[in-house]
Amino acid sequence: MTVLSLVGARPQIIKEAVLNKEFQKAGIKEILVHSGQHYDYNMSDVFFKVLDIRQPDYNLNVGSGTHAEMTARIMIEFEKVLVKEKPDIVLVYGDTNTTLAGSLVGAKLKIPVAHVEAGLRQKPKDMPEEINRIVTDHVSSLLFCPSQLAVENLKKEGIIQGVHFVGDVMYELFLKMKPYFTYELIEQLGLKENSYIVCTIHRDFNTDVKESLETIFKELSEIAREMKVVFPIHPRTRKKITEFGLYDYARNLTLIDPVDYLAMMGLVEKSLCVITDSGGLQKEAYWCEKRAIVVMPDTGWRELIECGWNRLTEPGKIRETLNELLKSGNIDYPRNVYGEGDSSQRIVKELNNPCY
Ligand code: UD1
């Protein structure tokens, strides 16, 4: 069997890391394609390096553009690869434009599409990632769900066949990589354990409207007067704070370039808590037993909100939510929300089972 995996953005490269190894173990031939959606060294190559992923067989080099430009360019180039390679399965990850492009091309060429991280749903319905998830799930033959909630979400949309709860591949990676987390950055930045916040913001609804981004940075700047706020800044956010002239608010923050996975996990593990709009980081904070404030109207990782571990908030209420969270003290750590850390084995088992 030949599986053709498509990655393109930072979180997909991270998810590929565990499957890559499992395919090798199981003797499954994998062709790896990188769309080139993320192309900066610290958004892409560094993850191949620290997670020991072999170089892609193809790089489509699509770069940036509008949603339509990016999706269309990936589709055109990806189709050529699929026609040439004729894999048995196309594997896509998550919710990016790369995911959408890959699943559409695979489905139209009648090659079964397997979606890792299927079934997540969140408001607002018009956010690009939500559109990408819905379309991808509806054209996929195999849907690998990280949570029981994701299975339920698919059921509500009439998708039952090919749905498998496998747990979260990112949890598996977290467990495997834990012994290798790095802590040099903490020392370099002069941080003390449990006394700084790790923050990331990059969603379009937070970054692309000046008022929202300005409110967020104003609040972070106020928080940073009391406690260090370390902010590995995503290229989209950097671009926007330059465009909107918000660097004054950023002065109090410890702004750094995006960091690799092992350094990021080291940072989170020793932090007090996390403020983020990243899907991955909400869960990684939880696995590090740190709580997160999620700057989003909703999240696909709702289990962590319902049990009170993480909290949703909005621009203008970040400080208030942080105070509430810090005052709420210790709460019981919710266990095993996203499986047992054996997702890659479960996925390989289903791929080997020719029922799709
Ligand atoms: C994408 C995903 C999002 C995921 C995120 C992780 C979509 C719709 N969104 O968002 O689900 O959480 O990746 O990072 O696919 N840029 C660079 N260098 C890079 C990559 C991007 O400068 O290496 C710039 C681009 O010029 C672009 C901006 O950052 O203007 C945003 O990149 P894009 O890939 O459109 O979306 P992300 O915000 O990264």
Side-chain angles (χ1 to χ4, degrees), residues 6-17 34-49 56 59-75 78 92-104 115-118 120-137 146 168-170 199-209 212-213 216 231-244 255 257-261 264 274 276-285 292 294-296 298-301:
L6 176 65
V7 298
R10 180 169 62 176
Q12 295 164 329
I13 301 165
I14 291 173
K15 287 162 198 156
E16 164 68 17
H34 192 316
S35 70
Q37 177 173 348
H38 284 175
Y39 44 85
D40 286 348
Y41 175 81
N42 57 19
M43 294 292 284
S44 175
D45 303 56
V46 70
F47 293 92
F48 282 86
K49 195 170 148 216
N59 193 320
L60 310 180
N61 290 314
V62 297
S64 305
T66 64
H67 287 283
E69 284 166 351
M70 199 194 286
T71 311
R73 283 205 292 262
I74 300 171
M75 288 181 74
F78 190 54
V92 294
Y93 295 95
D95 59 15
T96 71
N97 291 336
T98 297
T99 318
L100 173 68
S103 61
L104 285 178
H115 185 201
V116 176
E117 209 177 78
L120 289 204
R121 294 293 180 267
Q122 85 181 84
K123 287 186 264 188
K125 221 175 164 177
D126 64 357
M127 68 187 268
E129 290 82 359
E130 184 68 359
I131 298 168
N132 296 343
R133 287 178 193 133
I134 293 171
V135 176
T136 300
D137 284 341
D168 197 325
V169 285
M170 288 182 77
C199 177
T200 73
I201 296 287
H202 76 276
R203 294 284 167 192
D204 65 350
F205 51 74
N206 284 328
T207 59
D208 292 6
V209 179
S212 303
L213 196 62
I216 292 172
F231 194 142
I233 191 160
H234 187 285
R236 169 202 286 279
T237 315
R238 190 180 281 286
K239 234 196 245 172
K240 290 292 174 186
I241 58 172
T242 309
E243 188 184 322
F244 298 148
L255 279 194
D257 283 335
V259 298
D260 71 60
Y261 178 82
M264 188 66 177
V274 167
T276 190
D277 62 5
S278 151
L281 202 60
Q282 297 169 41
K283 293 173 292 165
E284 286 158 344
V294 180
V295 192
M296 281 181 157
D298 189 16
T299 170
W301 310 105

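Every heavy atom of this structure was used, including side-chain atoms; hydrogens, water molecules and symmetry mates were not. Atoms within a ligand are numbered from 1 in the order they appear, just like the ligands themselves.
With respect to atom 6 (C) of ligand 1, the closest heavy atom belonging to the protein is Pro11 CD, 3.5 Å. Protein heavy atom at the shortest distance from atom 34 (O) of ligand 1 is Gln37 NE2, 2.9 Å. The protein non-hydrogen atom at the shortest distance from atom 2 (C) of ligand 1 is Thr96 CG2, 3.7 Å. Of all protein heavy atoms, the one lying nearest to atom 3 (C) of ligand 1 is Glu129 OE2, 3.3 Å. Protein heavy atom in closest approach to atom 20 (C) of ligand 1: His38 CD2, 3.2 Å.
Side-chain polar atoms of Ser103 and His115 form no donor-acceptor pair below 3.5 angstrom. If you check the side chains of Ser64 and Tyr39, you find a donor sitting under 3.5 Å from an acceptor. At a cut-off of 3.5 Å, with distance as the only test, no side-chain donor of Thr207 or Thr237 sits close to an acceptor on the other residue.
Heavy-atom proximity to atom 25 (C) of ligand 1, evaluated over Gly65, Ser64, Gly8, is greatest for Ser64. Among Asn97, Thr66, Thr237, the residue whose heavy atom sits closest to atom 15 (O) of ligand 1 is Asn97.
For ligand 1, none of its N or O atoms has an N or O atom of His67 under 3.5 Å away. In terms of polar-atom proximity, defined here as any N/O pair under 3.5 Å, Asn132 makes no such contact with ligand 1. Considering backbone and side-chain N/O of Asp40, one or more are found under 3.5 Å from N/O of ligand 1.
Using a 4.0 Å cut-off between heavy atoms, Ser44 makes no contact with ligand 1 at all. With a 4.0 Å heavy-atom cut-off, ligand 1 is reached by the side chain of Arg203 but not by its N, CA, C or O. Only the side chain of Met43 comes within 4.0 Å of ligand 1, counting heavy atoms alone; its backbone N, CA, C and O stay farther away. Under 4.0 Å from ligand 1, heavy atoms of Arg236 appear from its side chain as well as its backbone.
With Arg121 as reference, Asp137 is the one residue of Asp298, Asp95, Asp137 to meet the salt bridge (charged side-chain N to carboxylate O under 4.0 Å, His left out) rule.
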Checking side chain to side chain contact (heavy atoms under 4.5 Å, CB included) for the pair Arg236/Asp208: CA distance, chi angles, key distance, verdict? CA-CA 9 Å; Arg236 169 202 286 279; Asp208 292 6; 3.2 Å; yes

Does the side chain to side chain contact (heavy atoms under 4.5 Å, CB included) test come out yes or no for Ile134 and Lys125, once each step is laid out? CA-CA 9 Å; Ile134 293 171; Lys125 221 175 164 177; 4.2 Å; yes

What verdict does the side chain to side chain contact (heavy atoms under 4.5 Å, CB included) test give for Val7 and Thr98, after you've listed the backbone C-alpha separation in whole Å, the side-chain angles of each residue and the deciding distance to 0.1 Å? CA-CA 7 Å; Val7 298; Thr98 297; 6.0 Å; no

Between Asp168 and Trp301, does a side chain to side chain contact (heavy atoms under 4.5 Å, CB included) hold up when you go through it step by step? CA-CA 11 Å; Asp168 197 325; Trp301 310 105; 3.8 Å; yes

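Below 30°, between 30° and 60°, or above 60°: for His38 and His234 the angle between ring planes is above 60°, a perpendicular geometry.
Contact between Met70 and ligand 1 is present, with at least one heavy atom of the residue lying under 4.0 Å from the ligand.
Every atom of ligand 1 with a heavy atom of His202 under 4.0 Å away is listed here by number and element: 4 (C), 5 (C), 6 (C), 12 (O), 38 (O).
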